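One structure is given here, and the rest of the page talks about it.
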Amino acid sequence: MKAAHSSTCVGADDLMTEIVALQLFLTDVLSPVACGDRMSAQQYQELMRNVKTNKHRAAREVIAQYVAKNGEEHHA
């Protein structure tokens, strides 16, 4: 039986964006929880909006850091 092929390909940049989104989400959720605070539904919705808004920029920054680091290692 032939597996169904999706016309949508997920690239490394897409995966990095979602990993960074998880990092942003967890960082912003775990900090108050670790301090014993609770998050309201409104705060949670705002957090989700912020993650969706900022994940692409944050992923580009992380990728740029890796590129810069790898460039430095190759020149050392």
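Here the structure is a predicted model, which means the values were calculated and not measured.
- In plain terms, the two heavy atoms of D14 and C9 that are nearest each other are OD2-O, 4.1 Å.
- Across M16 and Y66, no two heavy atoms sit closer than the pair CE-CE1, 4.4 Å.
- Clustering ILVMFWY residues whenever any of their side-chain heavy atoms sit less than 4.5 angstrom apart, transitively, puts L15 in a cluster other than the one holding V67.
- Screening V29, V33, D28 for a side-chain contact (heavy atoms from CB on, under 4.5 Å) involving M39 leaves a single residue, V29.
- For the atom pair M48 CE and T53 OG1, the distance stands at 10.5 Å (nearest 0.5 Å).
- Residue R38 comes nearest to Q43 through the heavy atom pair O-OE1, 3.8 Å, listed as atom of the first residue, atom of the second, then distance.
- Nearest heavy atom pair, residue L24 against residue A58, reads CD1-CB, 4.0 Å.
- Between V62 and the options T17, I19, V20, a side-chain contact (heavy atoms from CB on, under 4.5 Å) holds for only V20.
- The distance from atom CZ of R49 to atom CG of L47, rounded to the nearest 0.5 Å, is 10.0 Å.
- Inter-residue side-chain proximity for K55 and E18 is flagged as met; some heavy-atom pair is nearer than 4.5 Å.
- Without hydrogens or angle criteria, S31 side chain to T27 main chain gives no donor-acceptor distance under 3.5 Å.
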